[in-house]
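Just so we're clear, the structure is a prediction, and the values are computed from it rather than from any experiment. Both ligands and their constituent atoms are indexed starting at 1 by order of listing.
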Amino acid sequence: MKVLLGDKLVEREDVKIDMEDRGYQFGDGLYEVIRAYNGTFFTADEHIERLFRGAEKIELVLPFTKEELKNRLNELLVANNIKTGNVYFQVTRGIASPRNFTYPDPTKVPAIFTASVTDVPRDQEQMDKGVTAIILPDYRWLHCDIKSISLLGNVMAKHEAHKKGADEVVQHRDGVVTEGGSANMWMVKDGTIYTHPDGNLVLPGITKIVLLKVAREAGIPVKEESFTLEQLKEADEVFTSSTTIEAMPVIEIEGVPVGDGKRGPIVKQLQDLYVADVEKNCGKIR
Ligand code: PDD
């Protein structure tokens, strides 16, 4: 498998990350994931924009322009002959020794960039069936808008779900639902869809942007408003969204069925609208 290390395409086995890399030592870095369908990236510009916004927030000097990054990612996709899959990439604040919490001078310590791509077909069966979730307090930090590689909070939450036999986690702060473990969280009540507004408590999802757009175009009432665990219990439908899972129904929370325990009509409509938007950009996918 070919991967990217900086601006070079190299074999995966040839990448050796330095033990003093700040990503390894501090989790000091950013990441992104972009999905490709039929050999074409979907919403690449939006993901790249988010990376650049995150970099500005943490004063990370990125080692490429937006155009250069896009070209490199395309080369990676072609080199691995991936048609439908996910590219993950990380940028860390480089290799600095001796260990020091404060940022090193970026003119002396350049950021380190790696990217890999894997073939991941769409899981239509799962998208039809939906997933189960548990509820947990959101123990993460207060910069959830930054797509940081420090994912321990998310890792712990999702592992807790896994131990309880569930697929996802509904995270909340003082009873207000924030997001999933690695996805935005939505509910439907009386035909209106709700999701937590952007801000420091949730990641500004790219899938969320697309879903909000297609919902509004289709005349589905949308409110970018947070909702509580109490409201969640009364929801007609619940779903999560991310680049890798599109719009995914949540059919059971803490062992209690959501609605009738099956994918609801609004999420089904959103799934179809999302696919239509992907197909406009990347060609037929189902
Ligand atoms: N996760 N919230 C969190 C905490 C996430 O990690 C993600 C994405 C999202 C949805 O963002 P987007 O629609 O831009 O993918 C929301 C990715 C898929 C991951 O870490 O694998």
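With sequence neighbours excluded, no residue satisfies ring pair (Phe, Tyr, Trp, His ring centres under 6.0 Å) with Y24.
Between T132 and D167, the side chains place a donor N or O and an acceptor N or O closer than 3.5 Å (distance only, hydrogens not considered).
A salt bridge links E160 with K164; the closest basic N to acidic carboxylate O contact falls under 4.0 Å. Electrostatic pairing of R216 and E224 counts as a salt bridge here, judged by a charged N lying under 4.0 Å from a carboxylate O.
Listed by first then second residue, pairs satisfying side-chain hydrogen bond (donor to acceptor under 3.5 Å, both in side chains) with a partner in residues 6-16 read K2-E11, not counting sequence neighbours.
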Side chains of residues 191-200: which donor-acceptor partners sit under 3.5 Å, not counting sequence neighbours?
residue, atom, partner, partner atom, Å
T195, OG1, M185, O, 2.8
D198, OD1, K208, NZ, 2.8
N200, ND2, L142, O, 2.9

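For ligand 1, the 4.0 Å heavy-atom shell takes in Y31, V33, H47, R50, Y88, R140, K147, N154, E179, G181, S182, A183, N184, L203, G205, I206, T207, S241, S242, T243, T244, ordered by chain and residue number.
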